[in-house]
Amino acid sequence: PTRRSSDLIDEDGGLVTSWAKRTLPTDAGWGSPSGVPLESVLQLCNLVGADCWLNVPHQADNDYITQMATLAHANLGTTQKLYIEFSNEVWNGIYAQSKYASDQGQAMWPNAGVGSFAYNRSWYGMRSVQMCDIWKSVWGADWPRVVCVLGAQAGNSGTITQSLDCPLWTGSGNAPCSNHNITAVAIAPYFGNQVSKSIMGAADGGHAQLFQGLGGDVSQVTNWVATDKKVVAGYNLPLIAYEGGQGFQSFDPALSQLYIAANRDARMAATYKAALDAWRSEEHT
């Protein structure tokens, strides 16, 4: 029988934890917190001939990870790569998975006496490599087609080192996490953020000041990328991006119109070119 969306959610309102809780193609709706069916994501990747990027829910158990890897191996086209990442931006405090990771780390290592960030990073590193190890086991000879991703914050290289070192995960065969099967570190090199509404009083509505600020942002992000690249090189890992571009957003209608106009301005194309050229330059240094 078709399941209701409410049947997919744990009683405590948490996200999917087990394979039985995942969204199925036959479900009545795909709008629950458990996301769209994995089968549909893989089908879309196959239809457009693209590599696929999947995320494991942060509360998923090892059986879920195993079943997910098995399903992906059976359904993804044989010429495509698959990027697999544990959750999304676990370092980012605005998301529930960040607090969850910190709480889990503190519960696992109650006597460590460290801050929430250190608990977060060690637990996240541990779960990431457990995920990678499972996927390698399932994919076997096809493992080279998998990119097992550790997500990090572009402007904070500590999110890289503390997860790859995962010093709290002691014991034989555990830390450092970099000794396991992580194959790439991914960041989101966004440029641009909120601007002051006061710039809209300028004769051109604030456009010149906005783009002047963007130039400085691109330079800053380029420095972040250079630093992160040096850090991951110490672990013999590549640096990739999972998102990027301009990050303007606002609930203020006037600022929203400024951002919309800026995105239609030829100077935005030039800014993107500068950012992409800087990224490519760092790729080849």
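Just the heavy atoms: all of them, side chains too, but no hydrogens, waters or symmetry mates, feed the values below.
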>> Check this for me: does any side-chain nitrogen of one of Asp133 and Lys136 sit under 4.0 Å from a carboxylate oxygen of the other?
In response: no
> Is a donor on one side and an acceptor on the other found under 3.5 Å between the side chain of Ser178 and the backbone of Asp165?
Replying inline: no
> Tell me the disulfide (SG to SG under 2.5 Å) pairs involving residues 155-217, sequence neighbours left out?
Replying inline: Cys166-Cys177
> Given side chains that start at C-beta, do those of Leu82 and Leu54 come closer than 4.5 Å, heavy atoms only?
Replying inline: yes
>> Working to the nearest 0.5 angstrom, can you tell me the gap between Ile134 CD1 and Met131 CE?
In response: 9.0 Å
> Which heavy-atom pair separates Trp53 from Ala186 by the least distance, and what is that distance?
Replying inline: CH2-CB, 4.1 Å
>> I'd like to know if the side chain of Gln80 pairs up with that of Asn46 as donor and acceptor (distance under 3.5 Å, no hydrogens or angles considered).
In response: yes
> Mind checking what makes side-chain contact (heavy atoms from CB on, under 4.5 Å) contact with His58, not counting sequence neighbours?
Replying inline: Leu15, Phe86, Ser87, Gln97, Tyr100
>> Using side chain to side chain contact (heavy atoms under 4.5 Å, CB included), reason through Thr66 and Trp19 one step at a time and then give a plain yes or no.
In response: CA-CA 9 Å; Thr66 302; Trp19 194 243; over 6 Å; no
> Closest approach of Met200 and Ala254, non-hydrogen atoms and distance?
Replying inline: CE-O, 3.5 Å
>> As an exercise, state the distance from CZ of Arg145 to CG of Leu76, rounded to the nearest 0.5 Å.
In response: 5.5 Å
>> How close do Asn62 and Arg127 get, counting heavy atoms only, and between which atoms?
In response: OD1-NH1, 2.9 Å
> When you look at Val149 and Ile240, which way does the side chain to side chain contact (heavy atoms under 4.5 Å, CB included) test go after all the steps?
Replying inline: CA-CA 9 Å; Val149 176; Ile240 63 176; 4.3 Å; yes
>> With clusters defined by side-chain heavy atoms of hydrophobic residues (ILVMFWY) lying less than 4.5 Å apart, directly or transitively, does Leu276 cluster with Leu214?
In response: no
>> I'd like to know whether CD of Gln212 has more than 12 heavy-atom contacts from other residues, nucleotides or ligands below 6.0 angstrom.
In response: no
>> Quick one, Met68 and Ile84 - any side-chain contact, counting heavy atoms below 4.5 Å?
In response: yes
> Do the side chain of Trp91 and the main chain of Arg121 share a donor and acceptor less than 3.5 angstrom apart?
Replying inline: no
> Within the side chain of Ser157, is there an N or O that forms a donor-acceptor pair under 3.5 Å with the backbone of Asp228?
Replying inline: no
>> Using the rule that Ile, Leu, Val, Met, Phe, Trp and Tyr join whenever any side-chain heavy atoms are under 4.5 Å apart, tell me whether Tyr242 and Tyr83 fall into a single cluster.
In response: yes
>> Donor-acceptor pair, distance only, cut-off 3.5 Å: does the side chain of Asn120 make one with the backbone of Ser98?
In response: yes
>> Quick check on side-chain contact (heavy atoms from CB on, under 4.5 Å): which of Leu150, Val185, Ile160 does Leu237 satisfy it with?
In response: Val185
> Do you reckon Val218 sits in the same ILVMFWY cluster as Trp224, going by side-chain contacts under 4.5 Å, direct or chained?
Replying inline: yes
> Minimum heavy-atom separation for Glu89 to Glu85, with atom names?
Replying inline: N-OE2, 4.3 Å
>> Strictly distance-based, threshold 3.5 Å: is any side-chain N or O of Ser250 a donor or acceptor partner for the main-chain N or O of Leu255?
In response: no
>> If hydrophobic clusters are built by linking Ile, Leu, Val, Met, Phe, Trp and Tyr wherever their side-chain heavy atoms come under 4.5 Å apart, do Leu258 and Phe211 end up in the same one?
In response: yes
>> With heavy-atom distances below 4.5 Å as the criterion, would you say the side chains of Ser32 and Thr23 are in contact?
In response: yes
>> To check you understand the geometry: which heavy-atom pair defines the closest contact between Thr17 and Tyr64, and what is its length?
In response: O-CB, 4.4 Å
> Is Asn236 atom CG crowded by more than 12 heavy atoms from other residues, nucleotides or ligands, each under 6.0 Å away?
Replying inline: no
>> Rounded to the nearest 0.5 Å, what separates atom OG in Ser196 from atom CG in Leu210?
In response: 11.5 Å
> Between Asp252 and Tyr259, is a side-chain hydrogen bond (donor to acceptor under 3.5 Å, both in side chains) present by the stated rule, with each step listed?
Replying inline: CA-CA 11 Å; Asp252 184 296; Tyr259 298 155; over 6 Å; no
>> How long is the straight-line distance from CG of Asn75 back to OG1 of Thr70, given to the nearest 0.5 Å?
In response: 10.5 Å
>> I want to check something: taking the side chain as every heavy atom from C-beta on, are Tyr235 and Ile182 in contact at a cut-off of under 4.5 Å?
In response: no
>> Quick check for you: to the nearest 0.5 Å, what is the distance between Leu38 atom CG and Cys52 atom SG?
In response: 9.0 Å
> Are Tyr272 and Phe191 an aromatic pair by the rule of ring centers under 6.0 Å?
Replying inline: yes
> Any side-chain heavy atom of Asp51 sitting closer than 4.5 Å to one from Val147?
Replying inline: no
>> Working note: Trp123 + Trp169, criterion side chain to side chain contact (heavy atoms under 4.5 Å, CB included); need CA distance, chi angles, decisive distance, verdict.
In response: CA-CA 8 Å; Trp123 187 86; Trp169 190 36; over 6 Å; no
> Is it true that a side-chain atom of His73 and a backbone atom of Trp143 form a donor plus acceptor pair closer than 3.5 Å?
Replying inline: no
>> Check for me, please, whether Val56 and Trp139 land in the same ILVMFWY cluster - side-chain distances under 4.5 Å, paths through other members count.
In response: yes
> Any side-chain heavy atom of Ile199 within less than 4.5 Å of one from His207?
Replying inline: no
>> Do Val16 and Gln59 have side chains that approach each other closer than 4.5 Å (heavy atoms only, starting at C-beta)?
In response: no
>> What I'd like to find out is whether the side chain of Leu71 reaches to under 4.5 Å of the side chain of Glu39, using heavy atoms alone.
In response: yes
Cut-off 3.5 Å, no hydrogens considered: what does the side-chain donor-acceptor table look like for residues 103-116, sequence neighbours left out?
| unit_1 | atom_1 | unit_2 | atom_2 | d |
| --- | --- | --- | --- | --- |
| Asp103 | OD2 | Lys99 | NZ | 2.7 |
| Trp109 | NE1 | Leu168 | O | 3.0 |

> More than 12 heavy atoms of other residues, nucleotides or ligands under 6.0 Å from CD of Glu243: is that the case?
Replying inline: yes
>> Tell me the closest heavy-atom pair linking Pro189 and Trp279, and the distance in Å.
In response: CG-CZ3, 4.1 Å
>> If you apply the rule side chain to side chain contact (heavy atoms under 4.5 Å, CB included), what do you find for Gln246 with Thr271, and how did you get there?
In response: CA-CA 9 Å; Gln246 63 82 20; Thr271 302; over 6 Å; no
> Quick one: CG on Leu44 to CG on Leu47, what's the gap to the nearest 0.5 Å?
Replying inline: 6.5 Å
>> Please check: side-chain N/O of Asp27 versus main-chain N/O of Leu24, any donor-acceptor pairing under 3.5 Å?
In response: yes
